[in-house]
Each structure stands twice: as C-alpha cells, then as structure tokens.
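This report concerns only the one structure given below.
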Amino acid sequence: MMTIPAAPLALFVSDLHLQASRPKTSAAFFDFLERHARRTQALYLLGDLFEYWAGDDDLDDPFHQRVAAAIRRVSDAGIGVFWIAGNRDFLVGPEFAKATGATLLAEPFVATIGGQRIALVHGDAQCTDDLNYMEFRAKVRQTEWQNQLLSIPLGQRKAIIAEWRMSSRAEQAGKTCDVMDLTPQAIAQVFAQTATRVMIHGHTHRPALHTVGDTRRYVLPDWDVDVEPARGGWISIEADGAIKRINLGGAAAS
C-alpha cells in the first residue's frame, strides 16, 4: 500500500521579482501555487513578490490581475496567505490584500508553526551597515510620505520608481556583498525582540542555513527561471515540524 506524504504545515517564498518580461518565472510561480501551495495550511510571501509595486491602483494591470487571481485561488481553497512587504513592494495595501485574500503582516512577525516560534522578516531592515539604504528605508516607510507619493498619478509614480531603481543599481555596483547583508547585531536584535531561536527571511538572494549557537537562520532564494541556470525555491515546514529548504524541482536543497 502506497503511503501518501503528509502535507506541509507552511511554505515560505520571497524575492520572485515578478514582472511580465519574465514569463518563465511567472509560470514557475503559478505552478508552485497550484502544485505545492494548495497542499499546505499556510503560505507566507516574505516580500519582493513583484519587481516593484507602484500602488494598489495598479491592480488593473493585466499581469497584476493574473498574479492576484492565482494567489486568490490559494486563499479561496482555505489556505492562509500571509504577506510581509519587501523593499520593492512596500506600497502593497488593503486593496491588494482584498484581491488576493492575503493578510498583511508587520515585521518582525512571530509565527508558531509545528511547535516552533519563528521570526519572519523580509531582511532589508537588518542590513544596518548599508547606511544610505537605511536612511532611504526610514523615509519611504513613513505613512505620511507614502500617502504623498500615492497622491501622484500612477504614470508619474512609475517614472519616479524607475529613477529609484536606476539609482539603486548604480549604488549597488559600488557596494560589497557584506555591506548589503544582514549584520550580526541586527540579527541578534530580532532574536532578542521576538524571543525566538529560528528566523526565516529573504532579500539577500543568498540562500543558506546559518547556525550560530542555538539559533538557526534560513535565507530564502530569489527566483529567476528566465536565465540559465534557473534560480528559485522555497522553505517548507513539514508535518513533523522539520524545516526544509526546497529547490525548484520540489526536492530538498543541499
């Protein structure tokens, strides 16, 4: 008699940077939602799902409608869908949540899954050695500043965001990987603030498991299936509470 594996308790993804110009990446995400997310109890989207998000009034875009509808099919199937904003899509708001059935979470968020308390963040707030970015982040995460930006017509908003992206790419070219990574002090602060010993995040595009003392920090991969070799994957918490890093093919990552 064949034994059917128990469904995972939760899945975690981040940094898909979805955009219409990367159709294979979008197709891989839709396949993930149908084949894997619909088998779990909870799906956590930990930021930078989109290459950028100019505001919920951009939900009329046909590509964004496809993405929102695909996520909605998961939530309509009874799976809890949870969202933490990234540095590319921090303007996601209540209309997106309504369209997808997702619950928007503030970070750090503590999820209790499989008997474990797990700290969830996108990861950019912990890159505290990147002083220019931290200054920018502090400004754009202010509600008043966001309201002012959202009052600008959508087309102009997108032009402003395009300028930010160009500037960001130019700045990153002169930064080391260490500067753009999470700092040990910021990581320790999250663990202390949340009273947890396990953390899951994305942002850095450097998938790994870091063990320091009695703490474990799982870093999610970014996704790009429109290049060779393809990148992507997710983290799964199994029915027995085990945390696994999974590659695009659905197998445990090394």
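Fair warning: this is a prediction, and the values are worked out from it, not measured in the lab. In this chain, residues are counted from 1 in sequence order.
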**Asked** Do we see a donor-acceptor contact under 3.5 Å between the side chains of Thr128 and Gln126?
**Response** no
**Asked** Is any side-chain heavy atom of Asp124 closer than 4.5 Å to a side-chain heavy atom of Phe90?
**Response** no
**Message:** Using the rule given for side chain to side chain contact (heavy atoms under 4.5 Å, CB included), can you reason through Leu46 versus Ile200, listing the C-alpha separation, both sets of side-chain angles and the distance that settles it, and then say yes or no?
**Reply:** CA-CA 9 Å; Leu46 299 189; Ile200 299 175; 3.9 Å; yes
**Asked** Is it true that Arg38 and Glu34 have a side-chain N and a carboxylate O under 4.0 angstrom from each other?
**Response** yes
**Asked** If you look at every heavy atom in Ala97 and Leu104, which pair is closest and at what distance?
**Response** CB-CG, 3.9 Å
**Asked** Do Leu209 and Met199 sit in the same hydrophobic cluster, where Ile, Leu, Val, Met, Phe, Trp and Tyr count as joined when their side-chain heavy atoms come under 4.5 Å apart?
**Response** no
**Prompt:** Any chain of hydrophobic side-chain contacts (each under 4.5 Å) joining Leu45 to Tyr52?
**Reply:** yes
**Message:** Go through it in stages, so that I can follow the logic: the residues are Thr100 and Trp83, the test is side chain to side chain contact (heavy atoms under 4.5 Å, CB included), and I'd like the CA-CA distance, side-chain angles, deciding distance and then a yes or no.
**Reply:** CA-CA 10 Å; Thr100 59; Trp83 170 283; over 6 Å; no
**Item:** Donor on one side chain, acceptor on other, Asp129 and Thr183, under 3.5 Å
**Value:** no
**Asked** Any side-chain heavy atom of Ile243 sitting closer than 4.5 Å to one from Tyr218?
**Response** yes
**Item:** Pairwise distance OG(Ser236) to CG(Leu9) - rounded to 0.5 angstrom
**Value:** 8.0 Å
**Asked** Would you call the rings of Phe50 and Trp53 parallel, tilted or perpendicular if under 30° counts as parallel and over 60° as perpendicular?
**Response** tilted
**Message:** Testing Asp15, Asn87, Asp48 one by one against His203 for a side chain to side chain donor-acceptor pair (under 3.5 Å), which residue passes?
**Reply:** Asn87
**Asked** Quick one: do Leu150 and Phe96 end up in the same hydrophobic cluster if we chain Ile, Leu, Val, Met, Phe, Trp and Tyr together by side-chain heavy atoms under 4.5 Å apart?
**Response** yes
**Prompt:** Ignoring hydrogens and geometry, is there a side-chain-to-backbone donor-acceptor pair from Thr40 to Ala10 under 3.5 Å?
**Reply:** yes
**Asked** In the single-linkage hydrophobic clustering (I, L, V, M, F, W, Y; side-chain heavy atoms under 4.5 Å), do Phe30 and Val225 co-cluster?
**Response** yes
**Message:** Please find the pair of heavy atoms, one from Thr196 and one from Ala119, that lie closest to each other, and give the distance.
**Reply:** OG1-CB, 3.5 Å
**Request:** Return yes if some donor-acceptor pair links the side-chain N/O of Glu95 with the main-chain N/O of Leu59 below 3.5 Å, else return no.
**Result:** no
**Message:** Does any part of the side chain of Asp222, heavy atoms only, come nearer than 4.5 Å to the side chain of Leu16, both counted from C-beta?
**Reply:** no
**Prompt:** Do the side chains of Leu154 and Ile160 join up, straight or via other hydrophobic residues, at under 4.5 Å, putting them in one cluster?
**Reply:** no
**Prompt:** Just by distance, do the side chain of Arg216 and the backbone of Thr211 share a donor-acceptor pair under 3.5 Å?
**Reply:** no
**Message:** For Arg141, I'd like to know if atom CZ has over 12 heavy atoms of other residues, nucleotides or ligands within 6.0 Å.
**Reply:** yes
**Asked** Sub-3.5 Å donor-acceptor pair from the side chain of Asn247 to the main-chain atoms of Gly250, do we have one?
**Response** yes
**Item:** Side-chain donor-acceptor contact under 3.5 Å, His201 with Arg217
**Value:** yes
**Prompt:** So, do Ile118 and Arg197 sit near enough that their side-chain heavy atoms are less than 4.5 Å apart?
**Reply:** no
**Request:** Would you name the heavy atoms of Val219 and Gly202 that are closest together and state the gap between them?
**Result:** CG1-O, 4.4 Å
**Prompt:** Taking atom NE2 of His122 and atom CZ of Arg88, what is their separation to the nearest 0.5 Å?
**Reply:** 9.0 Å
**Request:** Using a 4.5 Å cut-off on heavy atoms from C-beta on, say whether the side chain of Phe32 contacts that of Leu11.
**Result:** yes
**Request:** Kindly indicate whether the side chain of Lys244, heavy atoms from C-beta on, has any atom under 4.5 Å from the side chain of Glu238.
**Result:** yes
**Request:** May I ask you to decide if Pro221's main-chain N or O and Arg245's side chain share a donor-acceptor pair within less than 3.5 Å?
**Result:** no
**Request:** Please tell me if the side chains of Val121 and Phe109 come closer than 4.5 Å, counting only heavy atoms from C-beta onward.
**Result:** no
**Fill in**
One should read off an interatomic distance between Glu144 CD and Leu149 CG, to the nearest 0.5 angstrom, of 13.0 Å
**Request:** Return the minimal non-hydrogen interatomic distance between Ala54 and Leu91, and the atom names on each side.
**Result:** O-CD1, 3.8 Å
**Asked** Rounded to the nearest 0.5 Å, what separation is found between the CZ atom of Phe63 and the CG atom of Asp58?
**Response** 11.0 Å
**Message:** Using 0.5 Å steps for rounding, measure from the CG atom of Leu182 to the NE2 atom of His210.
**Reply:** 8.5 Å
**Asked** Do Phe29 and Leu49 come within less than 4.5 Å of each other through their side chains, counting heavy atoms only?
**Response** yes
**Message:** Determine whether a donor-acceptor pair (N or O, by modelled atom type, separation under 3.5 Å) exists between the side chain of Ser167 and the backbone of Glu163.
**Reply:** no
**Prompt:** For the residue pair Arg22 and Trp223, what are the closest heavy atoms and their distance?
**Reply:** NH1-O, 4.3 Å
**Ala239 to Ala7 - nearest heavy-atom pair and separation** = CB-O, 3.9 Å
**Prompt:** Taking the six-membered ring for Trp, are the ring centroids of Phe136 and Trp164 within less than 6.0 Å of each other?
**Reply:** yes
**Message:** Quick check for you: to the nearest 0.5 Å, what is the distance between Leu120 atom CG and Phe82 atom CZ?
**Reply:** 10.0 Å
